[in-house]
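The structure displayed is predicted, hence computed values, not measured ones. Worth knowing before you read on, the calculation uses all heavy atoms, side chains too, and leaves out hydrogens, waters and symmetry mates.
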Amino acid sequence: MVYSNLQIFVVELIGTFILVVFATGSIVYDVQIGGPYGIWFAAVTPFIALIIGVYSFGKISLAHFNPAVTIGYYITGHISKIQIIWYFAAELIGAILGSLFVMTFIGKDANLGANAPNYDYSIFLIFPVEVLASALLMAVIFTVVYTKGLKGFSGIAIGGIVGLDILFLAFISGASMNPARALAPALLSGVMDNLWLYWSAPYVGTTIVAFLFRKKFENQRKQEL
């Protein structure tokens, strides 16, 4: 079944909204109650959000919920130029609505859950780590798509790599992997110093992987003709 751009827009908005509420809301909530859960809570909640989003909306929009992932899908020929606009609009609006929800119903602590790198490390380590986190995410997503859903484990695989990236890499780069998820809380909290990192490194990571996978998808499409 072919879905319209409007249908894609709606599910991408909802999926990104859910992701941002879970990913940032968990951080805000944890800080509010004194931080008993820490990094594992910040890793598990987007894992759950992506399981919900991928299994609910994957067949309609491929469940991007992330502008850097959208660019990757464009490079591999899965979406058109005009669809980039629909995806970007949905992802950014969904993220901002998610942060507004967090601000209204959970709280304003921790800069609304905005990503932040650890400047105890050099930027020459922080930037590559954020590129790596984003590249790993894109590689898992493309593996899922190439294998036609990874035998039903697509949501677990995609949510899992996000959770693992956060668990093992967030202490260095913040492990956003997602420009929309980074933008919304930073914009609404007014703390935008680190946005340059999250609006550059994720695109580098997903673009590298997309070019590595592009030939695979081209060959796969030829075989299906």
Side-chain angles (χ1 to χ4, degrees), residues 1-26 43-102 105 113 133-134 136-166 176-185 202-203 206 209-210 213 217 220-221:
M1 181 177 178
V2 177
Y3 294 94
S4 70
N5 287 333
L6 181 58
Q7 288 172 307
I8 290 170
F9 174 87
V10 170
V11 300
E12 280 291 305
L13 188 154
I14 295 170
T16 308
F17 172 85
I18 293 170
L19 175 60
V20 169
V21 169
F22 276 61
T24 65
S26 61
V44 167
T45 48
F47 168 64
I48 295 170
L50 284 167
I51 287 177
I52 295 169
V54 170
Y55 288 126
S56 299
F57 307 126
K59 289 184 178 179
I60 299 174
S61 71
L62 289 174
H64 299 194
F65 316 139
N66 181 336
V69 169
T70 294
I71 292 299
Y73 272 121
Y74 171 70
I75 291 169
T76 54
H78 286 90
I79 64 172
S80 65
K81 283 183 180 179
I82 191 65
Q83 285 181 310
I84 293 175
I85 299 172
W86 286 90
Y87 274 98
F88 268 45
E91 290 153 1
L92 294 175
I93 293 169
I96 290 170
L97 290 175
S99 282
L100 285 170
F101 180 92
V102 171
F105 296 103
S134 306
L136 290 171
L137 170 60
M138 192 81 260
V140 170
I141 289 172
F142 279 152
T143 299
V144 165
V145 174
Y146 186 75
T147 58
K148 309 295 185 183
L150 205 64
K151 297 182 179 180
F153 288 95
S154 55
I156 294 171
I158 295 169
I161 190 59
V162 169
L164 289 171
D165 277 348
I166 293 170
S176 170
M177 302 163 274
N178 187 332
R181 177 258 180 268
L183 174 66
Y203 290 109
T206 59
V209 173
F213 270 82
F217 285 116
Q220 187 180 63
R221 282 191 281 265

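- Counting heavy-atom neighbours within 6.0 Å of Y3 OH, excluding the residue itself, gives a total above 12.
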Stepwise side chain to side chain contact (heavy atoms under 4.5 Å, CB included) test for V209 and F142
CA-CA 9 Å; V209 173; F142 279 152; 4.0 Å; yes

With side chain to side chain contact (heavy atoms under 4.5 Å, CB included) as the test, would you mind laying out the steps for H64 and I79 before giving the verdict?
CA-CA 11 Å; H64 299 194; I79 64 172; 4.2 Å; yes

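- Annotation for M177 and I166: closest pair CE-CG1, 3.9 Å, computed over non-hydrogen atoms.
- Taking all atoms of both residues into account, the shortest heavy-atom contact from V20 to R181 is CG2-CA, 4.1 Å.
- Atom CZ of residue F213 and atom CD1 of residue I141 lie 10.5 Å apart, to the nearest 0.5 angstrom.
- How far CG of N66 is from CD1 of I71: 10.5 Å, rounded to the nearest 0.5 Å.
- In this structure the side chain of F65 never reaches within 4.5 angstrom of the side chain of V11, judged on heavy atoms.
- Here the closest heavy-atom approach between residue Y87 and residue I8 is recorded as CZ-CG2, 3.4 Å.
- The closest donor-acceptor contact from the side chain of S26 to the backbone of A23 lies under 3.5 Å.
- Here the CD1-OH distance, from I158 to Y55, works out to 8.5 Å after rounding to the nearest 0.5 Å.
- The nearest pair of heavy atoms linking D165 to A133 is OD2-O, 2.7 Å.
- For N5 and Q83, the side-chain atoms include at least one donor-acceptor pair closer than 3.5 Å.
- Residues E12 and S61 have side chains that bring a donor and an acceptor to within less than 3.5 angstrom of each other.
- Atom CD in Q7 sits 12.0 Å away from atom CZ in F57 (nearest 0.5 Å).
- Considering every non-hydrogen atom in both V144 and S154, the closest pair reads CG1-CB, 3.3 Å.
- For T16 (side chain) and L13 (main-chain N/O), no donor-acceptor pair under 3.5 Å exists by modelled atom type.
- Between I51 and G155 the shortest heavy-atom distance is CG1-O, 3.7 Å.
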Test side chain to side chain contact (heavy atoms under 4.5 Å, CB included) on Y73 and V145; report intermediate values, then the result.
CA-CA 10 Å; Y73 272 121; V145 174; 3.2 Å; yes

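- Note on ring orientation: taking the six-membered ring where Trp is involved, the planes of Y146 and F217 are perpendicular (angle over 60°, cut-offs 30° and 60°).
- Atom CD1 of I14 and atom CG of L97 lie 11.0 Å apart (nearest 0.5 Å).
- Contact of the N178 side chain with the P67 side chain is registered, since non-hydrogen atoms from C-beta on lie closer than 4.5 Å.
- Rounding to the nearest 0.5 Å places CG of L137 at 8.0 Å from CG of L50.
- Residues F9 and I93 form a side-chain contact, since some pair of their non-hydrogen atoms from C-beta on lies under 4.5 Å apart.
- Within the 3.5 Å criterion, the main-chain N or O of F22 finds a donor-acceptor partner in the side chain of T45.
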